[in-house]
Amino acid sequence: MTFTGWLLFFSVIQVIHFLGTWKLYVRAGRKAWEAIVPVYNAIVLMKIINRPKWWTILLFLPIINLLMFPVVWIETIRSFGFTKRLDSFLVIVTLGFYLFYINYATDAAYIKDRSLVPRSSLGEWVSSIAFAIIAATLVHTYFMQPFTIPSSSLEKSLYIGDFLLVSKFHYGARVPMTTVAAPMVHDTIPAIPVPFTKKKLTKKFKSYVFDDDVTKKKTSFWNKFQLPYMRMPGFQKIKRNDIVVFNQPADTLKDMNDFHPKRNFYKPIDKKTNLVKRCVAIAGDTLQIIDGYVYINGKRSELPDRARTQYNFFINTEGKTISGVSLRNRYGAREGLVDDNGRFVLGDNRGEVGYYLTLTDEEAAKIAKNPNVKSVTKRLQPKGVAGDVFPRNANLDWNNDNYGPLYIPKKGATVALTKETLPFYKRLISEYERNDLIANGDEIFINGEQVTSYTFKQDYYWMMGDNRQNSLDARYWGYVPFDHVVGKPVFIWLSWETNGKGASKIRWDRMFTTVSGTGERVSYLYYFLGFLALWFGYSAYKKRKNA
C-alpha cells in the first residue's frame, strides 16, 4: 500500500473512532470534536482512561499497536462501568465495535477516579502478561533482537550454536513493513506441544499472510496492508568487514527447507530469511576476488584480528596418519583421496590418499610441517573457469575464487546501461527499486522511457562468509540493498555445542562476549551473574521492608 493509500486508511479509522466514541468523550467532560482530531484524540483518550500520554506513541508503532488496541478498548469500556469478563471478550472479538453499542445504546456514566488495580488475581496475571508481551515486542522489533547462528559460513568468528543479540539501533531500526503478523517471530510460528501428550497443536505455519500464487503478487487481502519502507535514524553506518544481519534479497522460497528452484513465492522484505555475513565491500567500492582473497579498490582487504578466513585444503599423507593431531575433531577432516580429476573421493583406492580439511592459511602452514604430510594444496577454482555465480552471464568466466572486478552501487551514483551491463543491475532496478524495466535488444526502457543510464536510489553492500568455499553468499545472489539490512550483532549471550554432552554442551568462554572488538574474547558472565544477585537481593530487601 502506498503512502496515499495509508493516509486514506488512517482517515477512515479516525472517522470510525469518532462515530463510535464521541458521546463517550462528552460524558467524560470533553468536547465531541476532540474525538475526530488525529493523534490529539488519542492523547485525550489517554486522559479519559487515566493512562499515561506516552501510550499514544505505542498506538502508532506497527506491530505494537496490534497489541495495544485491545488494551485501550478494554480500558475505555471499564472507564464507563463495563467491567465484566463478557464485556472485555465482546470488545475484543468485535475489534472494538462493541464501543458503538456503549456509545449509542446505553447511558453509561463516566467513572472519573476508577481504580486501576485489577479486581482479581486472574486480572492481575493477565495484565502482567499482556504488558510483558508488549514490552518484549517493543524491544525485539525496535531495539534488540535475538538471533541464532545456523551455519558455518562465519566459522572461527561466529560458531554454529552461538546465540546473538542483534542491535536494531546501530544502523537505524527498520519499521516493520508487514503490519499483520504475529509478534516476536520471523516467518513461521513453531508447533506448540500439547501438555502431557506427544501431540503438537499445529505444524509450522506462516506468521504472516503468505501468498504462494506465483502468477500474482500481493493478491491476498491482508498482504495489501504492507507499509512502505521506513527506517529510524541510526548512529552508525555499515563499515567494511562489519558482521551484519540482513534479509536474503533473493529469497523467493516458501521456506529454507522447501526448495523449489523453478518457483517464485512472494515474500515481504522483512519476512525474507535472516542471514548473517561479513560486509566485505560497501557502496561505492569495486570488489575483486583473486585466488580466494578479496581486493577492494585494488588493495587486498585486511580483516579484523578476530576474523579467520578459511579455505578447503587437501592434505596428502599417502595413506599415513598424522600423529598427535586429531584432525577430525579439530578441523572437521574427512579421510579419503583425490582422484585423477582433482576431486575428493571417499572409499576408493586411486589417487593421493589423505585428508580434506577446512583451514585457515596459518593452520595449513602448521600442518604442512608434520613429517607425514607430503603436500598441502589449497583447493581453488582456477582463473578463467566459469562457475555458477552472480550474475550468471555466459560471457563472464568468473567463479567462487576468482571473481570480478565488480562495482558496488552507491545511492546517487549513475551507471551506463547497455545489454552488457544490464545483467548486473536488472534485479536492482526492477525489484529492489521498484521500476518497470523492459529490455528489447540494445534498447532499455524504464517506466516506459528509453534510457542509457540509471541513478541508484539506495546503497548496496557485498556480504560474504569467512568460510569462503562453504558459504552461500553474495557471489551466488548478488548485492544486498540497505532496505534489507536488519541490524548489527553486538553480543553472544549463549553458545551451544551441538555434539557436546552435559555441561560441556555450553561454550562457557563465549558466553556474554562481544561480537566486535580486538584481541581475545573477554566473558562478562560473572559480571552479569553478580548484577542479577544484587538485583534479586535488592528486590527481596525492598519487598521485606514494605511488608
Pair [X]-[Y], side-chain donor/acceptor within less than 3.5 Å:
{"X": "Y454", "Y": "E433", "value": "yes"}
{"X": "D242", "Y": "Y461", "value": "no"}
{"X": "S153", "Y": "N467", "value": "no"}
{"X": "D87", "Y": "Y98", "value": "yes"}

Could you tell me whether [X] atom [atom1] has more than 12 heavy atoms of other residues or ligands within 6.0 Å of it?
{"X": "K505", "atom1": "NZ", "value": "yes"}
{"X": "Y104", "atom1": "OH", "value": "yes"}
{"X": "Y541", "atom1": "OH", "value": "no"}
{"X": "Y159", "atom1": "OH", "value": "yes"}

Any donor-acceptor N/O pair, [X] side chain to [Y] backbone, under 3.5 Å:
{"X": "K168", "Y": "T141", "result": "yes"}
{"X": "N435", "Y": "I429", "result": "yes"}
{"X": "N447", "Y": "D436", "result": "yes"}

### Query
Is the closest basic N to carboxylate O distance between R278 and D466 below 4.0 Å?
yes

### Task
Taking only Lys NZ, Arg NE, NH1 and NH2, and the carboxylate oxygens of Asp or Glu, determine whether E497 and R510 approach each other closer than 4.0 Å.
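So E497 does not pair with R510 through a salt bridge.
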
### Query
Does R231 make a cation-pi contact with F482 (under 6.0 Å, within 45 degrees of the axis)?
yes

Please report the interatomic distance [atom1]([X]) to [atom2]([Y]), rounded to the nearest 0.5 Å.
{"X": "T106", "Y": "L24", "atom1": "OG1", "atom2": "CG", "result": "7.5 Å"}
{"X": "I49", "Y": "S79", "atom1": "CD1", "atom2": "OG", "result": "6.0 Å"}
{"X": "L138", "Y": "L61", "atom1": "CG", "atom2": "CG", "result": "6.5 Å"}
{"X": "L19", "Y": "L99", "atom1": "CG", "atom2": "CG", "result": "12.5 Å"}
{"X": "I43", "Y": "I57", "atom1": "CD1", "atom2": "CD1", "result": "9.0 Å"}
{"X": "L525", "Y": "L494", "atom1": "CG", "atom2": "CG", "result": "10.0 Å"}

For the residue pair [X] and [Y], does the interplanar ring angle fall in the parallel (under 30°), tilted (30 to 60°) or perpendicular (over 60°) class?
{"X": "F18", "Y": "W22", "value": "parallel"}
{"X": "F246", "Y": "W477", "value": "tilted"}
{"X": "Y479", "Y": "Y425", "value": "parallel"}
{"X": "Y527", "Y": "Y524", "value": "tilted"}

### Criterion ring pair (Phe, Tyr, Trp, His ring centres under 6.0 Å) on F131 and W55, from CA distance to verdict
CA-CA 12 Å; F131 280 99; W55 275 27; 5.5 Å; yes

### Task
Measure across N65 and L59 and return the closest heavy-atom pair with its distance rounded to 0.1 Å.
CB-O, 3.1 Å

### Query
Nearest heavy-atom pair of R51 and L116: which atoms, and what distance?
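Nearest pair, atom of R51 first, then L116: NH1-CD1, 4.0 Å.
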
